[in-house]
Protein chains: 2
Amino acid sequence: MVSESFKNELQEKYQIKFNNEQLLEQALTHSSYSNEHQGCKNYEKLEFLGDAVLELAISDYLYRHFPNMNEGELTRMRSNIVRTEGFSQFATECGFSREVKLGKGEEKSGSRTRHTLLEDVFEAFNGALFLDQGMPAVQHFLHLTVYPLIAEGDFDSSRDYKTELQEKLQVNGAIDIQYKVIDSDEAQPRFTVQLIVAGENISQGIGRSKKAAEQVAASVALKNI
Amino acid sequence: MVSESFKNELQEKYQIKFNNEQLLEQALTHSSYSNEHQGCKNYEKLEFLGDAVLELAISDYLYRHFPNMNEGELTRMRSNIVRTEGFSQFATECGFSREVKLGKGEEKSGSRTRHTLLEDVFEAFNGALFLDQGMPAVQHFLHLTVYPLIAEGDFDSSRDYKTELQEKLQVNGAIDIQYKVIDSDEAQPRFTVQLIVAGENISQGIGRSKKAAEQVAASVALKNI
């Protein structure tokens, strides 16, 4: 059972009281736990729904609050928000990390603080809240958690360092800019990229993708300009 | 301007009357047209929103109507629905194809009947309807268009013929199964795939992707087993 203190916290901090407490229970039950306890539902289907609930809630927020952004900018920002580890941070702040029920093996292996698990729980919680009380309740919850960080620019993808660097360097005409992978480990994955401007080594970047490493290299170069 | 006959059709067939007709206008305006006509908004931002609107509406429908499906099956079915050419068919049926405003070049090159464009228009229309009247209106519209086909099993992804065939053929141990592209026309696109089991030609399939052609070949083989 979900603890009374957690339910009180939900109500005090977020004004959330579930009509159907089984939905809250389910949103906080990992499959490893339901496998060990018959008749118990896990959060996977709520996560399926919650994923779409968050996608729309955030799209709607972005559409209304960033009227000057074009479709490409909105899409990039949405994907920054829904595809980052940000949700796991909220799951911890909201106490979901403490309350989630895990099977014995998962508990031992430290899944309770694993980002991907916490992201899933955050999605599932929003799916459960949507089923219990509809979109307005989800939006109220997001106004107290996710939206303030969007407004502060935490997910602002318009900071495309490569484009910014190119614009700065080419202000007086074309200049040769190259990004060269100098080391890669596909298994990790980990890529090291060297930025070369007009034949000169300028900076390096490391990232989980070639693209990410290039962005890091460009951002380092920008700081040094 | 959107034609009166189209507006009447929307009202008669789908009981839809926009409060803000500019949203309907915008949903039916391609960027090639707005580029040629200053002060005119195109549908791209509505498409961004409509994409998420459809994702949630369809997720919600699947969650409620297929209680026996697990998360993986629901996710596959959702992606079959939102990532197929199905939406373009609805866009044609609903008359969007006739009404969409295109620039001169796009009109000449036959974009009016292009699948990807029509899918975008369908998303944009649902985005506009959501902004104008909220989710219930979108759901009413989908009840008259998309949902009946889901209920009929048109998007049922649990029918993965390749896996089914493999399981049937390998019931008595491993057997060599190959899918070989014997003809392809990337421009169309159109792929023809030959299914070869233990060195023997069994069946062929044609489809818009290699994967789709393989599924067809497998389904033909299954019928003959």
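Computed from heavy atoms alone, side chains included, the values below leave out hydrogens, waters and symmetry copies. Every chain is numbered from 1, with letters handed out A, B, ... down the list of sequences. Remember, it's a predicted structure, so these values are computed and weren't measured experimentally.
With sequence neighbours excluded, the residues that form a side-chain contact (heavy atoms from CB on, under 4.5 Å) with Ala128(B) are Phe18(B), Leu23(B), Ala27(B), Leu46(B).
Proximity to chain B is absent for every atom of Leu54(A), based on heavy atoms less than 4.5 angstrom apart. Of the atoms belonging to Ile58(B), not a single heavy atom falls under 4.5 Å from chain A.
Considering CG of Leu56(A) and CG of Leu49(B), their distance stands at 6.5 Å, rounded to 0.5 Å.
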When you scan chain A against chain B, which donor-acceptor pairs turn up at less than 3.5 Å?
residue, atom, partner, partner atom, Å
Lys45(A), NZ, Pro67(B), O, 2.7
Lys45(A), NZ, Met69(B), O, 3.1
Phe48(A), O, Arg78(B), NH1, 3.0
Asp51(A), OD2, Arg78(B), NH2, 3.1
Pro67(A), O, Lys45(B), NZ, 2.7
Met69(A), O, Lys45(B), NZ, 3.1
Arg78(A), NH1, Phe48(B), O, 3.1
Arg78(A), NH2, Asp51(B), OD2, 3.1

